[in-house]
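One structure below.
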Amino acid sequence: MSLPFVISDLRHRPEFFDTVADRIWRAWWKADGHPLDHITGRLRENMNDTPIPLALVAHDGKTFLGTVSVIASDLEERPHLTPWVAAVWVELKARQRGVGAALVNRATQDCFALGIDRVYLCARPQRSGFYEGLGWTPIERDVGPHRLGVFIRHASGGINRSP
């Protein structure tokens with residue numbers, strides 16, 4: 001069952017800023033000892049009037065449902081690949097209801113609308129099937145200490161295994 005929701009640019013819905021920062025920090029940075037201020041500072045870059053980085057939020061009115069970002073680089077081992085769809089987070093109550101897919105697709109389409117031909121994404125092995133189901137093509141597996149998969153999406157919809 002899908003939920004009613006809207007996807008907005010975080011710059012237009014700044015009331016969600018602290019929630020987005022908190023979710024990103026808890027999901028990917030807190031366990032490694034990074035302070036919340038580190039993420040808040042990085043997320044603040046998404047509030048500038050530049051196309052990338054950007055953060056999107058899914059919400060039902062004032063209720064936060066999820067977030068996704070587009071950033072220049074998301075994988076230390078692959079700094080030459082850019083840009084990346086990153087930090088996909090969906091609240092537990094909103095999972096399995098189309099929110100994550102909608103966020104990823106919107107972020108990807110926003111990149112294509114900027115004239116970007118290809119976009120990258122990295123994911124842990126257990127999430128690979130989700131992204132492949134959305135049309136992402138794996139180009140590498142077992143990258144880095146988390147054994148991440150690297151995926152690509154082309155604006156043309158074509159498949160090309162070389163970055």
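The structure displayed is predicted, hence computed values, not measured ones.
- A salt bridge is absent between Asp9 and Arg13; no separation between the charged side-chain nitrogens and carboxylate oxygens falls under 4.0 Å.
- Using a 4.5 Å cut-off on side-chain heavy atoms (C-beta onward), Asp60 and Val6 make no contact.
- Side-chain heavy atoms closer than 4.5 Å link hydrophobic residues (I, L, V, M, F, W, Y) into clusters, and following such links, even through other members, never connects Ile39 to Leu56.
- The minimum heavy-atom distance linking Ala94 with Val99 is given by the pair O-CG2, 3.8 Å.
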Kindly indicate, with the supporting measurements, whether the criterion salt bridge (Lys or Arg N to Asp or Glu O under 4.0 Å) is fulfilled by Arg26 and Glu91. CA-CA 12 Å; Arg26 289 179 188 276; Glu91 297 285 82; over 6 Å; no
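- Atoms CH2 and CG, from Trp25 and Asp32 in turn, are 12.0 Å apart once rounded to the nearest 0.5 Å.
- Under the 4.0 Å criterion applied to side-chain N and carboxylate O atoms, Arg153 and Glu132 are not assigned as salt-bridge partners.
- Shown here is Gln126, whose CD atom has more than 12 heavy atoms of other residues, nucleotides or ligands within 6.0 Å.
- Residue Val119 is tested with Phe151, Trp136, Trp84 for a side chain to side chain contact (heavy atoms under 4.5 Å, CB included); the sole match is Trp136.
- Of all heavy-atom pairs spanning Asp142 and Arg147, the tightest one is OD1-NH2, 2.9 Å.
- Here the closest heavy-atom approach between residue Thr40 and residue Ala21 is recorded as OG1-CB, 4.0 Å.
- Cation-pi geometry between Arg95 and Trp89 is met: under 6.0 angstrom from the ring centre, within 45 degrees of the axis.
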Take His146 and Arg124 through the side chain to side chain contact (heavy atoms under 4.5 Å, CB included) test and state the conclusion after the steps. CA-CA 7 Å; His146 296 291; Arg124 293 185 185 234; 3.2 Å; yes
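- Here the straight-line distance linking atom CG of Leu148 with atom CZ of Arg141 works out to 11.5 Å at 0.5 Å rounding.
- To the nearest 0.5 Å, atom CD1 of residue Ile152 and atom OH of residue Tyr120 are 4.0 Å apart.
- Checked against the 6.0 Å centroid criterion, the rings of Phe16 and His59 qualify as a close aromatic pair.
- When side chains are defined from C-beta on, Phe17 does not count as touching Asn46, because their heavy atoms never get closer than 4.5 Å.
- No continuous path of hydrophobic side-chain contacts links Val150 to Trp28 [ILVMFWY only; heavy atoms under 4.5 Å].
- Below 30°, between 30° and 60°, or above 60°: for His34 and Trp29 the angle between ring planes is above 60°, a perpendicular geometry.
- Contact of the Cys111 side chain with the Pro83 side chain is registered, since non-hydrogen atoms from C-beta on lie closer than 4.5 Å.
- Smallest separation of non-hydrogen atoms from Ile71 and Ser73: CD1-O, 3.2 Å.
- Put simply, the side chain of Arg106 gets close to the backbone of Ile7: a donor and an acceptor are under 3.5 Å apart.
- One finds the CG atom of Leu65 at 12.0 Å from the CG atom of Leu92 (value rounded to the nearest 0.5 Å).
- Looking only at distances, a side-chain donor or acceptor of Asn105 sits under 3.5 Å from a matching main-chain atom of Ala101.
- Between Thr67 and Leu103, every side-chain heavy-atom pair lies at or beyond the 4.5 Å cut-off.
- In this structure, the side chains of Leu75 and Leu81 stay at 4.5 Å or more apart for every pair of heavy atoms.
- In plain terms, the two heavy atoms of Phe130 and Gly100 that are nearest each other are CZ-C, 3.9 Å.
- The OG1 atom of Thr137 sits 11.5 Å away from atom CG of Leu121, with the distance rounded to the nearest 0.5 Å.
- Cluster membership for Val104 and Val90, using ILVMFWY side-chain heavy atoms within less than 4.5 angstrom, is shared.
- In terms of hydrophobic clustering, with Ile, Leu, Val, Met, Phe, Trp and Tyr side chains grouped at heavy-atom distances under 4.5 Å, Met47 and Val70 are assigned to different clusters.
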Does the pair Leu10 and Leu54 meet the rule for a side chain to side chain contact (heavy atoms under 4.5 Å, CB included), with working shown? CA-CA 8 Å; Leu10 184 61; Leu54 72 91; over 6 Å; no
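- In this structure, Ile52 is not a member of the same hydrophobic cluster as Val20, with clusters built from ILVMFWY side-chain heavy atoms closer than 4.5 Å.
- The shortest side-chain heavy-atom distance between Pro145 and Glu77 falls under the 4.5 Å cut-off.
- The minimum heavy-atom distance between Ala55 and Leu43, with the atom names listed, is CB-CD1, 4.1 Å.
- By the 4.5 Å heavy-atom criterion applied to side chains, Thr19 and Arg23 are counted as neighbours.
- Between Arg118 and Thr82, the closest side-chain pair of non-hydrogen atoms is not below 4.5 Å.
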